[in-house]
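Chain A is the first sequence line, chain B the second, and so forth, proteins listed ahead of strands; every chain is numbered from 1. All of these numbers come straight from a predicted model, not from anything done at the bench.
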Amino acid sequence: MTDPSSGLVVRSLSRRFGRRWVLARVSLEVPRGSALMLLGPNGSGKTTLLRCLATALKPHDGGATFDGVPLWPERHTLRRDIALLSHATALYDDLSARENLSAWARMGAYDADVDALLARVGLADTGARPTRDFSAGMKRRLALAKALVKTPRLLLLDEPFSALDPHGRALMGDVIDEILDRGATMVLTTHHPGLGARFCPQAVRLTDGQVTWRGPSSEAQVHAGDA
Amino acid sequence: MSWLWQVPAVVAKELLVEWRERSRVSGLFFYSFALLLMVAFAMPNTKMLADIAGGALWLGLLLASTRSLDQSFKVELENGALEGLVLWPVDPLALYYGKAIANTLVLLLVAAAIVPLVIVLYHPEIKGDPWQLVGILVLGSAALAAPGTLVAALTVQARGSSALLPMLLFPLVVPVVLASARATMLLFDGDLMGQVDDWMMLLLAFDLVHWSLDGLLFTRIVDEG
Amino acid sequence: MPPIESLPISPGAAVGLVALVAIVVANQRAGRTPWALPRWEHAFGLVGLCTILNGQYMGLFEAPRERMMGEVARILYVHVPSAWLTMVVFLFTFLFAVAFLFTGRKVFDQLVEATIEVGVVLAILLQCTGMLFAKPTWGMYWDWDPRLVSTAVMTLSFIGVLTLRSLVVDADQRATWTSVGAILASTSMAVTYYSVQWWRSVHQMQSSPDTVAKPIVLVLRINAFALLFLTVWFVARRWRIAAARAREDEAPPLPEEVLA
Amino acid sequence: MTPETVGSGVIQGGWEYIYAAYALSWVMLIGYTASLWFRAPRGGEE
């Protein structure tokens, strides 16, 4: 085991909606600079777990620390270092890609080279169009560029490869590699263990909000069918 | 006070979104215009119109404000931007004041468009100081926007928000409508006893209460998890 | 019957107290703790009921005719206590809402819910009786008086808060939003009052009530205490409903970890 | 109504309003009590 004060440590994290425990006693560790793959069927709590780790949701029991800092109590400072990429892109449909990125960068006082970021995700030519006209895959790429505005130390990816064509997947993979090379810690969810295994040495399976399997990603394929 | 530097960025973002969706703002304007016409038709005779000009103006602005406030938060919910802002992180106070300032400016824009219309359609005599009218419009718009931004944040996420917003907001802004309409009417009629200043002081007091209190309450709504 | 002002205690309250003593004695006979009432609030309800029967009887038949308003002043014995109690209850709503936002304790949220509802009921009673008083005295049911307007505005705001509360699904959000709404509604009331007073002062002066006769004060006081006791009972009963619902919403125990 | 009160500015009569007010207060108090009764938690209290 690595030093618990470095990286992401989740201890018995639980969250409910109404009377239903969507997450129950989830414990896991992701060493700093490493990546973890979250597997599990729809409704197993993967997205809720990511939202708890992103400090969008307050855990009702247990909690998590990042580099020894408790997530929820210190959320106001930690949020600068955490990026969440999810289905909710948090983009303004009325603004163009470029306007979106520069508006978000300014609101967070992040130094970002907007044109370079757009080029990085392959949207340099469409930067002036309102994002309302974008396809799901293009919105995904733009959301990725938005996450890059932050240079996150903790990157949370909710099904990063969905809605992307093969080219987009390759691009997403490159960007993930790049962020990992910078020493970021990462958690990603996916339904395709094969896609995530490239980045994540370890995997965890959630079923009904509980951890039902953990092990090396290479063995995850075997367990994919039991969902 | 580290959130203060974020306020201009939020205002800029709000105004940019409004500018991209200018059809929405012009919709507000036509909405108020239609209301002014309807009020005129509903009156027994056109001689009354000059007397009620100030009231009709503020009625138009009040109704326009409910629509623009609702819109200003619907945009945030479309792609989960509200949560995105909190996680970005944009301080909830900066978010509140940014949105409230932008909403004030949008209301002032609508006001700038319908004041000439009121003057043309209702032909009130303007005996008072026109610059005072600017002051009333600024104070009154700010007084509608401050509680309005908070209430819209509350209602837009609840079911059936379009009916709930006026239901919660109108009782809150009774003093605003009262004071702004009175002040405007006095201004049109000629302010013999200097009461306009009193009404403006009331508006100012209302602004101070809500611009200081509502931001704190907004923080509690947005950052709950 | 001796003159009312010489009685040390109103007959109704006396009946209520006797009933309380009877409960204590009965409990002792049965070997229970003497003050083990099934619910403490029922003591308030019982005393309140007896006192209000007594107070309203006095208000209707025994209180002297008022000098200027004549018989119609008898309406004040139900009107004025409801005005006082509405204010008191909404003041508590405000305090509970602030307490909830500072402490986050669920009990304050339940009390906010209970006090808003009871306050709205009292406010509606207040305004209906007020209109019935206004018609014979002022000649119309409604006047744009600051107190009337601000009470109506306050009632509407709190009804709005209750509506908002019923529309929010998530329990934590519902609690916070209700408190925020309640604080807004409470503060708006004061501003409305002063602004309408200002508005009215342009037209006419507010009339001040004459000095009120002593027996009238006594009957008023009995009715006020009666309604106070009933209000405590209402709030407590409403709070029990809220608490029971909150218990239903309580989290089930966490399942055991599957993978140790 | 005594002769000396007539014309003295004292409001006369109005018993219908008084009875309406008292009846209304009972209707509201009993009505609200009933609504509390119907909503009261059954069993498992405490």
query = When you look at B/L87 and A/I82, which way does the side-chain contact (heavy atoms from CB on, under 4.5 Å) test go after all the steps?
reply = CA-CA 8 Å; B/L87 298 182; A/I82 303 175; over 6 Å; no

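- Of the residues considered (B/V75, B/L95, B/L16), B/L16 shows the highest number of contacts with chain A, using heavy-atom pairs under 4.5 Å.
- Contact annotation for A/K139: neither backbone nor side-chain heavy atoms come within less than 4.5 Å of a heavy atom of chain B.
- Of the two parts of A/A90, the backbone and the side chain both hold a non-hydrogen atom closer than 4.5 Å to a non-hydrogen atom of chain B.
- Inter-residue side-chain proximity for A/K150 and B/W88 is flagged as met; some heavy-atom pair is nearer than 4.5 Å.
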inquiry  = side-chain contact (heavy atoms from CB on, under 4.5 Å), that's the test. Do B/R20 and A/Y92 meet it? Break it down for me.
reply    = CA-CA 10 Å; B/R20 282 281 170 275; A/Y92 294 104; over 6 Å; no

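- Heavy atoms from other residues, nucleotides or ligands lying under 6.0 Å from CZ of A/F17 number more than 12.
- Looking at A/H87, there are no atoms closer than 4.5 Å to chain B (heavy atoms on both sides), in backbone or side chain.
- The shortest non-hydrogen separation linking A/A109 to B/W5 is CB-CZ3, 3.3 Å.
- Side-chain contact between A/R79 and B/V86 is present, with heavy atoms from C-beta onward closer than 4.5 Å.
- Atom CG of A/D133 has more than 12 neighbouring heavy atoms from other residues, nucleotides or ligands inside a 6.0 Å radius.
- Residues passing the side chain to side chain contact (heavy atoms under 4.5 Å, CB included) test with B/A94 are B/W3, B/Q6, B/V7, B/V90, B/D91, sequence neighbours excluded.
- In terms of heavy-atom proximity, A/M107 sits nearest to B/A9 at CA-CB, 3.7 Å.
- Your options are B/L77, B/N79, B/V17, B/V10, and the one with the most heavy-atom pairs under 4.5 Å with chain A is B/N79.
- Within 6.0 Å of atom CG in A/D208, 12 or fewer heavy atoms from other residues, nucleotides or ligands are found, so the atom counts as exposed in its surroundings.
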